[in-house]
Amino acid sequence: MILKKALQENYPILSTPDLIEEIMKVGQVHEMEVDEILIDINQNVKNLPLLLEGSVKILREDEQGNEVFLYYVDQGNTCAATLTCCMDSKKSNVRAIVEEKAVFLSIPYEYMDIWMEKYKAWRDFILSTYSIRFEELLKAVDQLAFKKMDQRIANFLSEKSKLIHSKLIKISHQQIAYDLNTSREVVSRILKQMEKEGLVKISRGQLELLD
DNA sequence: ACATTAAGTGATT
DNA sequence: AATCACTTAATGT
């Protein structure tokens with residue numbers, strides 16, 4: 001079956017045959033289009049999504065509704081923040097928006113505990129996604145705390161470029177400003193500077209990373 | 001041709 | 001680095 005293959009390719013760590021079978025049995029395949037909200041803040045999370053295709057952007061929001069980009073989750077991964085919520089079906093503290101058309105397996109949260117006891121592969125999987133995401137989070141934190149806007153923008157763009165495997169990024173200055181919680185003018189000015197330095201080529205609604 | 005939206009700029013805090 | 005007010009340029013209808 002094609003699904004099984006996708007699962008094995010994207011999640012080699014879950015290779016235990018019995019576990020694969022169970023995942024296939026209880027997991028529901030879902031598809032979501034770009035910009036759809038996979039998980040919203042304060043939403044009760046009762047399913048764990050295992051991304052098979054596409055990618056998702058994880059955002060944090062403050063009391064005033066300002067959003068800040070945290071990190072991307074791509075295929076073969078799941079979000080640790082979601083995982084935490086999923087463990088006992090708590091409310092999400094982040095928002096997950098589909099960045100690239102996503103296909104994922106939705107696992108009801110009841111199985112989290114059961115599989116933790118039953119399968120070593122599952123435990124390893126959970127632990128490793130925790131540590132991967134923890135590092136991502138630390139990266140995000142010191143970006144926010146210590147880096148200046150120009151570095152944050154440069155970083156944001158290179159992450160994005162890596163994610164979509166393209167140097168051509170279709171995004172407006174406004175959208176970048178929104179993701180990094182700054183103003184459009186600042187983004188425009190920094191981008192202009194980067195262009196002078198030969199780092200990017202800007203055109204309306206899209207930009208290209210140069211080397 | 002006109003309206004709409006993206007991007008550029010200077011001044012101010 | 002943020003905000004404002006305004007201009008200029010690109011794009012859609």
Side-chain angles (χ1 to χ4, degrees), chain A residues 30-43 49 51 53-75 77 79-82 84-85 91-104 132-211:
Chain A
H30 292 289
E31 270 189 34
M32 280 184 113
E33 297 297 326
V34 173
D35 284 342
E36 280 195 87
I37 297 177
L38 204 163
I39 295 158
D40 208 347
I41 293 162
N42 289 330
Q43 180 185 326
L51 265 191
E53 260 175 56
S55 56
V56 173
K57 179 165 72 177
I58 308 297
L59 305 166
R60 187 91 168 97
E61 188 179 58
D62 72 6
E63 308 79 37
Q64 285 94 49
N66 297 313
E67 287 189 345
V68 176
F69 163 79
L70 285 185
Y71 50 75
Y72 289 116
V73 174
D74 58 358
Q75 55 188 245
N77 281 114
C79 170
T82 307
T84 324
C85 304
K91 287 181 175 180
S92 171
N93 37 32
V94 295
R95 174 173 296 142
I97 297 179
V98 175
E99 181 80 6
E100 297 171 289
K101 185 174 178 180
V103 178
F104 58 92
I132 290 169
R133 290 303 134 191
F134 188 68
E135 305 232 335
E136 287 288 327
L137 204 57
L138 278 188
K139 258 165 60 190
V141 167
D142 52 50
Q143 282 285 322
L144 285 171
F146 308 124
K147 305 284 196 225
K148 300 202 194 102
M149 211 54 227
D150 55 349
Q151 290 170 288
R152 291 183 58 201
I153 290 176
N155 183 66
F156 178 79
L157 294 177
S158 77
E159 292 262 305
K160 185 135 181 150
S161 159
K162 219 187 298 171
L163 190 76
I164 62 178
H165 304 107
S166 161
K167 298 253 169 191
L168 230 62
I169 302 174
K170 275 189 65 188
I171 193 169
S172 70
H173 297 184
Q174 183 62 75
Q175 185 57 50
I176 297 171
Y178 189 63
D179 281 345
L180 298 181
N181 194 26
T182 181
S183 62
R184 202 260 315 152
E185 293 92 320
V186 170
V187 173
S188 291
R189 280 172 180 139
I190 289 170
L191 248 28
K192 201 74 188 297
Q193 183 58 37
M194 287 173 68
E195 188 176 43
K196 260 185 221 157
E197 292 167 19
L199 298 173
V200 287
K201 181 174 166 240
I202 14 193
S203 21
R204 188 190 172 92
Q206 103 181 23
L207 62 181
E208 187 180 354
L209 261 52
L210 308 172
D211 296 274

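Here the structure is a predicted model, which means the values were calculated and not measured. Letters A, B, ... mirror the listed sequences (proteins, then strands); counts begin at 1.
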Sugar-phosphate means primed atoms, P, OP1 and OP2; the rest is base. With that split, encode nucleotides 6-13 of chain B 5' to 3' as B, S or - using protein heavy atoms under 4.0 Å.
-> BBBBBB--

For atom CZ of Arg152(A) and atom C1' of dA1(C), their distance in whole Å | 11 Å

Does OP1 or OP2 of dA2(C) have a side-chain N or O of Thr182(A) closer than 4.0 Å?
-> yes

Residue set satisfying side-chain hydrogen bond (donor to acceptor under 3.5 Å, both in side chains) with Arg204(A), at least two apart, ordered chain then number -> none

Of all the heavy-atom pairs spanning Ala177(A) and Ser183(A), show the shortest one and how long it is.
-> CB-C, 3.5 Å

Closest heavy-atom pair and its distance - Asp40(A), Ser92(A) | O-CB, 3.4 Å

Counterpart residues, ring-ring contact (aromatic ring centres under 6.0 Å, His included), relative to Tyr71(A) (two or more places apart) | none

For the side chain of Glu100(A) and the backbone of Ile164(A), is there at least one donor-acceptor N/O pair under 3.5 Å apart?
-> no

Terminal axes of the helix from dA1(B)-dT13(C) to dT13(B)-dA1(C) (five pairs each): angle between them, nearest 10 degrees = 20°

Is there a donor-acceptor pair closer than 3.5 Å between any side-chain N or O of Ser188(A) and the backbone N or O of Arg184(A)?
-> yes

Can you sort out the partners of Lys167(A) under side-chain hydrogen bond (donor to acceptor under 3.5 Å, both in side chains), two or more places apart, ordered by chain and number?
-> Asp211(A)

With sequence neighbours left out, what residues match Phe156(A) under ring-ring contact (aromatic ring centres under 6.0 Å, His included)?
-> Phe69(A)

